[in-house]
Amino acid sequence: MKNKLLLTFLFLTTFAFAQKTTFKIKYSEQLAVFVFLQNLSEDYPENVFKTAFKQSKYNTEKYKSIISKFGKLSIDYSFRYEEYPYGSKKSMQTEDLLKKNLIETENLTDFKLHTIGFIPNKTLSDLAEAISEFTPIYKELIYNPNKEKFEKQLLEITKYSNEQDIEKYFETGLVFYNSSWDKSIPFIIAFYPLPNSNGFTAQAFCNNFISAVQTDLGSYKDLFSVMLHETYHIIYDEQSLEVKTEIDTYFKENKSKYSNYAYQLMNEALATALGNGYVYGKLDGKIDSGDWYNKKYISLMAKQIYPLVTAYIDQKKPIDKNFIDNYIRIYEENFPDWINELNNIMSYRYVISENKEDENTIRKLFRYRSRSEFENEITETSIEKMQKTTLTKIIIISKNNAEKLKLIKNKFPELKNWKANADKEFAEKILLNDKSQLIILNQKKSTIEELIKLIK
């Protein structure tokens with residue numbers, strides 16, 4: 001009996017260690033209808049879904065009212081994991097959990113049972129009702145006309161994933177990032193059709209990847225390299241507190257003045273080097289000679305660190321202090337001007353202004369943002385809160401200028417010998433001791449756009 005128990009234990013243990021993360025590919029009608037409704041919302045730009053709806057018999061006051069009500073639902077709440085170094089772990093987003101539950105449940109009753117408590121009950125009920133109302137509309141306008149092509153494509157995508165053993169690239173990421181994943185939790189990939197379009201969309205969260213795929217997509221190497229790119233963000237996010245703290249310490253202890261902005265760029269640069277560089281190269285048989293990302297800072301840095309990344313992958317080595325120091329050196333040697341380029345440093349920003357409209361102005365001027373925060377009061381408390389981050393710090397003063405400038409000078413030791421004339425307009429940029437840039441705009445009559453042009 002003991003021998004049988006021992007053999008059973010050994011079998012189960014071996015099986016557990018032999019397991020690898022499972023990728024499950026599916027179509028989720030509930031998710032597809034949710035995304036359909038989002039795309040019909042008033043604040044969304046024109047898109048293929050809006051066009052199809054506007055040209056249909058359903059473009060009536062009844063359904064437009066449901067769309068309007070859906071667009072006003074408050075479903076996106078978040079909280080930070082306070083014990084992790086700032087910016088190293090994604091905040092919990094309730095919208096991600098809603099999408100996850102839409103994918104992983106088979107009907108709206110189960111969806112509500114799994115989701116209750118994440119958002120207010122009335123909001124959850126209204127959301128499910130909107131999805132229920134628009135499910136037949138979505139099927140008639142979008143899914144059914146593309147059903148045959150899409151379902152054939154879904155089979156081809158699944159076959160491609162199996163033939164290329166896509167899961168192995170997930171395992172590569174776990175080793176490289178020194179991260180972990182519970183192998184009993186599958187990674188669920190949900191596709192839905194994107195008719196009359198070129199390309200595809202991509203988003204990853206929790207244990208999910210979702211993508212709207214053009215129904216005529218003929219090659220899947222781009223799709224899967226981007227999918228792995230997004231998946232690597234999840235693997236990075238799932239590093240333990242100890243690993244994240246170590247990496248944060250390596251960056252902060254590095255003497256280079258470039259270390260902070262190199263750190264801000266790292267998550268995207270690594271995911272791009274791995275997904276768009278390494279994975280794409282394996283799937284295609286050669287490295288992509290074009291841009292790897294549609295933002296130059298990410299694409300160029302990813303290409304520069306690619307040899308370093310692949311050396312670690314080949315040796316099955318996780319990120320360590322030597323990797324971080326070399327990463328910072330590559331940033332410093334190849335891109336020394338980037339810490340002064342607004343299009344780069346404004347991607348990671350913390351704005352304090354007593355004019356709420358300034359937030360929209362900054363967003364229009366610098367559309368790409370990896371992380372951004374906004375405060376509408378210039379106080380001792382708001383400045384101290386800002387100082388806890390290493391984001392680019394922008395303070396816009398438009399009233400009580402002398403008083404506010406005095407407060408700012410007293411709060412930043414680096415401004416001890418700084419002289420500012422409160423009666424004159426100016427725009428100044430100072431590199432702080434935490435290696436982030438502080439931008440002070442003293443506004444009188446000029447617009448924010450005009451003042452930003454003065455920054456050197």
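Computed over heavy atoms, backbone and side chain alike; hydrogens, waters and symmetry mates excluded. The chain is numbered in sequence order, starting from 1.
Ring geometry for Phe187 against Phe170 counts as tilted: the plane angle lies between 30° and 60°, on a 0 to 90° scale. Between Phe251 and Tyr263, the ring-plane angle classifies as parallel under the 30° and 60° cut-offs. Aromatic ring orientation, Phe49 versus Tyr138: tilted (interplanar angle from 30° to 60°).
When side chains are defined from C-beta on, Ile305 counts as touching Leu270, because their heavy atoms get closer than 4.5 Å. Two residues are said to be in side-chain contact when any heavy atoms from C-beta on lie closer than 4.5 Å; Ile339 and Asn344 fail this criterion. Looking only at side-chain heavy atoms (C-beta outward), Tyr331 and Leu265 come within less than 4.5 Å of each other. Taking the side chain as every heavy atom from C-beta outward, Thr94 and Met92 approach each other to under 4.5 Å. Residues Glu29 and Tyr192 have side chains not in contact (no heavy-atom distance under 4.5 Å, counting atoms from C-beta outward). Under the 4.5 Å side-chain criterion, counting only non-hydrogen atoms from C-beta, Leu274 is not in contact with Tyr236. Inter-residue side-chain proximity for Tyr63 and Ile66 is flagged as met; some heavy-atom pair is nearer than 4.5 Å. At least one side-chain heavy atom of Ile234 sits under 4.5 Å from a side-chain heavy atom of Trp181.
Shown here is Glu83, whose CD atom has more than 12 heavy atoms of other residues, nucleotides or ligands within 6.0 Å. Enclosure of atom NZ in Lys282 is not indicated, since only 12 or fewer non-hydrogen atoms of other residues, nucleotides or ligands lie within 6.0 angstrom. When the shell of 6.0 Å around NZ of Lys24 is examined, it contains 12 or fewer heavy atoms from other residues, nucleotides or ligands. Environment of NZ in Lys296: crowded, with over 12 heavy atoms of neighbouring residues, nucleotides or ligands closer than 6.0 Å. Dense packing is recorded around NZ of Lys89, with more than 12 heavy atoms of other residues, nucleotides or ligands lying under 6.0 Å away.
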> Please walk me through it: do Asn340 and Lys429 pass side-chain hydrogen bond (donor to acceptor under 3.5 Å, both in side chains)?
Replying inline: CA-CA 9 Å; Asn340 292 306; Lys429 175 167 61 65; 2.8 Å; yes
> When you look at Glu357 and Ile448, which way does the side-chain contact (heavy atoms from CB on, under 4.5 Å) test go after all the steps?
Replying inline: CA-CA 10 Å; Glu357 188 54 36; Ile448 297 301; over 6 Å; no
>> Show, in sequence, the C-alpha distance, side-chain angles and deciding distance for Tyr232 and Val279, and conclude whether the side-chain contact (heavy atoms from CB on, under 4.5 Å) test is met.
In response: CA-CA 11 Å; Tyr232 290 137; Val279 173; 3.5 Å; yes
> Run the salt bridge (charged side-chain N to carboxylate O under 4.0 Å, His left out) check on Lys183 and Glu171 step by step: do they pass?
Replying inline: CA-CA 10 Å; Lys183 304 299 172 64; Glu171 304 297 324; 3.4 Å; yes
>> Run Ser41 and Asp43 through side-chain hydrogen bond (donor to acceptor under 3.5 Å, both in side chains) and show every step you take.
In response: CA-CA 6 Å; Ser41 300; Asp43 58 345; 4.6 Å; no
>> Would Thr272 and Met301 count as a side-chain contact (heavy atoms from CB on, under 4.5 Å) here? Give the steps.
In response: CA-CA 9 Å; Thr272 304; Met301 187 61 181; over 6 Å; no
> Given Lys152 and Glu156, is the salt bridge (charged side-chain N to carboxylate O under 4.0 Å, His left out) satisfied, shown in steps?
Replying inline: CA-CA 6 Å; Lys152 179 175 178 288; Glu156 290 174 353; 2.7 Å; yes
>> side-chain contact (heavy atoms from CB on, under 4.5 Å) for Lys149 and Gln214? Distances and angles first, verdict last.
In response: CA-CA 10 Å; Lys149 278 177 132 180; Gln214 69 178 90; over 6 Å; no
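The OH atom of Tyr143 sits 5.5 Å away from the OH atom of Tyr27 when rounded to the nearest 0.5 Å. Taking CD of Glu61 as the start and NZ of Lys64 as the end, the distance is 4.5 Å to the nearest 0.5 Å. Taking CD1 from Ile157 and CG from Leu217, the interatomic distance works out to 7.0 Å, rounded to the nearest 0.5 Å. Of the inter-residue distances, the one linking Ile319 atom CD1 with Glu246 atom CD reads 11.5 Å to the nearest 0.5 angstrom. Between atom CD1 of residue Ile235 and atom CD of residue Glu238 there is a gap of 9.5 Å, rounded to the nearest 0.5 Å. Note that the OH atom of Tyr86 and the CZ atom of Arg371 stand 6.0 Å from one another [nearest 0.5 Å].
Annotation: side-chain hydrogen bond (donor to acceptor under 3.5 Å, both in side chains) contacts of Tyr58 (sequence neighbours excluded): Glu140.
When all heavy atoms of Lys321 and Tyr250 are compared, the closest pair comes out as N-CE1, 3.6 Å. The shortest non-hydrogen separation linking Met346 to Ile439 is SD-CD1, 4.2 Å.
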Please list, one pair per line, the donor and acceptor atoms closer than 3.5 Å that link side chains of residues 159-168 to other protein atoms, with sequence neighbours excluded.
{"from": "Asn162", "atom 1": "ND2", "to": "Thr158", "atom 2": "O", "distance (Å)": "3.3"}
{"from": "Asp165", "atom 1": "OD1", "to": "Lys20", "atom 2": "NZ", "distance (Å)": "2.8"}
{"from": "Glu167", "atom 1": "OE2", "to": "Phe23", "atom 2": "N", "distance (Å)": "3.4"}

Donor-acceptor list for residues 74-82 side chains, cut-off 3.5 Å, not counting sequence neighbours:
none

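Here the side chain of Gln315 pairs a donor or acceptor atom with the backbone of Ala311 at under 3.5 angstrom. A side-chain donor-acceptor contact under 3.5 Å links Thr392 to the backbone of Tyr348. Side-chain atoms of Tyr84 do not come within 3.5 Å of backbone N or O of Lys244 as any donor-acceptor pair. Although no hydrogens or angles enter the test, the distance criterion places a donor-acceptor pair under 3.5 Å between the side chain of Asn207 and the main chain of Pro186. Checking side-chain atoms of Thr115 against main-chain N and O of Lys112 turns up no donor-acceptor pair under 3.5 Å. Using modelled atom types, no side-chain atom of Thr389 and backbone atom of Lys385 make a donor-acceptor pair closer than 3.5 Å. Formation of a donor-acceptor pair under 3.5 Å by the Asp237 side chain with backbone atoms of His233 is not found in this model. Put simply, the side chain of Glu375 never gets that close to the backbone of Tyr350: no donor and acceptor are under 3.5 Å apart. Not a single donor-acceptor pair under 3.5 Å links the side chain of Ser68 to the backbone N or O of Ser65. In this structure, the side chain of Lys393 engages the main chain of Leu391 through a donor-acceptor pair within 3.5 Å.
For Trp292 and Tyr280, the ring centers are positioned 6.0 Å apart or more. For Tyr220 and Phe200, the ring centers sit 6.0 Å or farther from each other. Less than 6.0 angstrom separates the ring centroid of Trp338 from the ring centroid of Tyr297.
At a cut-off of 3.5 Å, with distance as the only test, no side-chain donor of Thr60 or Lys62 sits close to an acceptor on the other residue. If you check the side chains of Tyr258 and Glu333, you find no donor sitting under 3.5 Å from an acceptor. Side-chain contact, Thr390 with Gln264: a donor N or O sits under 3.5 Å from an acceptor N or O. For the residue pair Ser353 and Asn355, no side-chain donor N or O sits within less than 3.5 Å of a side-chain acceptor on the partner.
In summary, of the residues considered (His114, Gln30, Lys100), a side-chain hydrogen bond (donor to acceptor under 3.5 Å, both in side chains) with Thr105 occurs for Gln30 alone.
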